[in-house]
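Single-structure report; data block below.
All values below come from the heavy atoms of this structure, side chains included, with hydrogens, waters and symmetry mates left out. Only a predicted model underlies this, so the values are computations on that prediction, with no experimental measurement involved. Throughout, residue positions are numbered sequentially from 1 according to the sequence presented.
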Amino acid sequence: MARATDTRERMLHAAAEMLARGGRDAVSTRAVSAAAGVTAPTLYRLFGDKEGLLDALADYGFQRYLADKRTLLTDDPVADLCSTWHLHVEFGLSNPAVYGLMFGSTPSPEGNRAGQAARDMLREIISRVAASGRLSVPPEQAEQLFYATGVGVTLTLIATPPGRRDPRFATTALDHLLRATTTDAEPAAPAPDVALRAAALREALRHDKGDDEILTGNERALLADWLDRLAAGSPRG
């Protein structure tokens, strides 16, 4: 098993180097097999074909990305939003070809699962911001804003020649997001409305299981339904 894992790692490393040097067209099954010191049937057995190899390479990039992201998590969720934002941008600029596979193309089922893990981590950080009472928009909206803006900013910077990149671009975009979604950047902001208070309580209950002896399972489910309805601003059906 270890030998098969080593072989797979060598092939992924070889494919990543070719991708970085010449893009997707530079990655061929024959060249990767030769660089990794294996036969073509070995590549087909492990990855199926070139597209399967590229999908695995995107998944490999996500695993590295998520491992780096986990090391930054602290007890301050807003600080975590900032640190993981900058990590996201730096990862893209340091690994532009792999980042393009991860975020710039239609993912395979495997790549989609890996990408969802990244979205789940972002969602968890934003959920903690909401639970702390520091989120000024619904969590679902904040997640979409941070994800879409982060990917857009990074792809824009990748497409811009290094000498023409504005070093403040990513930080400026983050500052605008924080002002639009958190109370930290707007200390004089008005108190959140009922929907935002409900969303904050909903997220706080998801993170705090200390009330299990106070509420029954049915009561917790009913409360969650009420809070979801209030957070969404939906009328009673």
Side-chain angles (χ1 to χ4, degrees), residues 62 65-66 68-94 96 99-100 102-104 107 112 115-160 164-208 224 226-235:
F62 271 117
Y65 168 73
L66 290 171
D68 290 344
K69 206 170 183 180
R70 291 188 185 100
T71 66
L72 300 178
L73 301 182
T74 68
D75 293 332
D76 185 337
V78 174
D80 290 349
L81 270 181
C82 297
S83 62
T84 56
W85 167 276
H86 289 299
L87 180 143
H88 180 101
V89 175
E90 287 303 318
F91 181 91
L93 293 178
S94 299
Y99 186 91
M102 294 164 57
F103 293 100
N112 192 50
Q116 187 57 51
R119 289 290 293 265
D120 288 345
M121 185 176 291
L122 172 61
R123 177 68 175 83
E124 177 65 16
I125 295 171
I126 290 174
S127 174
R128 290 167 50 220
V129 177
S132 70
R134 297 154 71 188
L135 198 66
S136 59
V137 299
E140 295 79 8
Q141 182 181 343
E143 178 194 346
Q144 292 173 351
L145 284 169
F146 271 89
Y147 180 82
T149 307
V151 172
V153 164
T154 306
L155 289 175
T156 298
L157 287 171
I158 289 173
T160 305
R164 295 175 56 191
R165 289 174 186 162
D166 180 352
R168 300 166 298 177
F169 180 51
T171 299
T172 300
L174 174 60
D175 288 344
H176 282 295
L177 277 177
L178 292 174
R179 291 193 190 96
T181 60
T182 72
T183 60
D184 289 43
E186 295 289 350
D193 61 18
V194 171
L196 293 177
R197 290 180 184 275
L201 179 55
R202 179 189 64 189
E203 301 304 324
L205 289 174
R206 287 177 178 169
H207 288 273
D208 182 12
W226 287 343
L227 292 173
D228 284 342
R229 189 178 301 162
L230 286 169
S234 301

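Between the side chain of Ser127 and the backbone N or O of Arg123 there is no donor-acceptor pair closer than 3.5 Å. The main-chain N or O of Thr181 is found under 3.5 Å from a side-chain atom of Ser136 such that the two form a donor-acceptor pair.
With rounding to the nearest 0.5 angstrom, the OG1 atom of Thr172 is 11.0 Å from the CG atom of Leu177. Once rounded to the nearest 0.5 Å, the distance linking CZ of Phe103 with CZ of Phe91 reads 8.0 Å. Atom-to-atom distance recorded for Leu87:CG and Arg70:CZ is 12.0 Å, nearest 0.5 angstrom.
Inter-residue side-chain proximity for Val151 and Tyr99 is flagged as met; some heavy-atom pair is nearer than 4.5 Å. Using a 4.5 Å cut-off on side-chain heavy atoms (C-beta onward), Val153 and His88 make no contact. For the pair Pro139/Glu143, no side-chain contact is recorded, criterion being any heavy-atom separation below 4.5 Å from C-beta on. No side-chain heavy atom of Thr149 sits less than 4.5 Å from a side-chain heavy atom of Leu174. Using a 4.5 Å heavy-atom cutoff, the side chains of Glu124 and Met121 are not in contact. With a 4.5 Å cut-off on side-chain heavy atoms, Leu81 and Leu122 count as touching.
Taking each heavy atom of Ser132 and Arg134 in turn, the nearest pair found is OG-CD, 2.9 Å. In terms of heavy-atom proximity, Leu178 sits nearest to Cys82 at CD1-SG, 3.6 Å. Residues Ala118 and Lys69 come closest through the heavy atom pair O-NZ, 4.2 Å. Looking at every heavy atom in both residues, Ile158 comes nearest to Gly92 through CD1-O, 3.5 Å. Of all heavy-atom pairs spanning Ala180 and Val137, the tightest one is O-CG1, 3.4 Å. Across every non-hydrogen atom of Gly133 and Thr183, the tightest pair is O-OG1, 4.1 Å.
Considering Asp80, Asp76, Asp75 in turn, Asp80 is the only one that fulfils the side chain to side chain donor-acceptor pair (under 3.5 Å) rule with Arg128. Of the candidates Leu73, Thr74, Leu72, Leu72 is the only one forming a side-chain contact (heavy atoms from CB on, under 4.5 Å) with Ser83.
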Yes or no on side chain to side chain contact (heavy atoms under 4.5 Å, CB included) for Phe169 and Thr156, after CA distance, side-chain angles and deciding distance?
CA-CA 10 Å; Phe169 180 51; Thr156 298; 4.1 Å; yes

Go through Arg168 and Asp175 one step at a time and tell me if the salt bridge (Lys or Arg N to Asp or Glu O under 4.0 Å) criterion holds.
CA-CA 10 Å; Arg168 300 166 298 177; Asp175 288 344; over 6 Å; no

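Using a 30° and 60° split on the angle between ring planes, Trp85 and Phe146 fall in the perpendicular class, above 60°.
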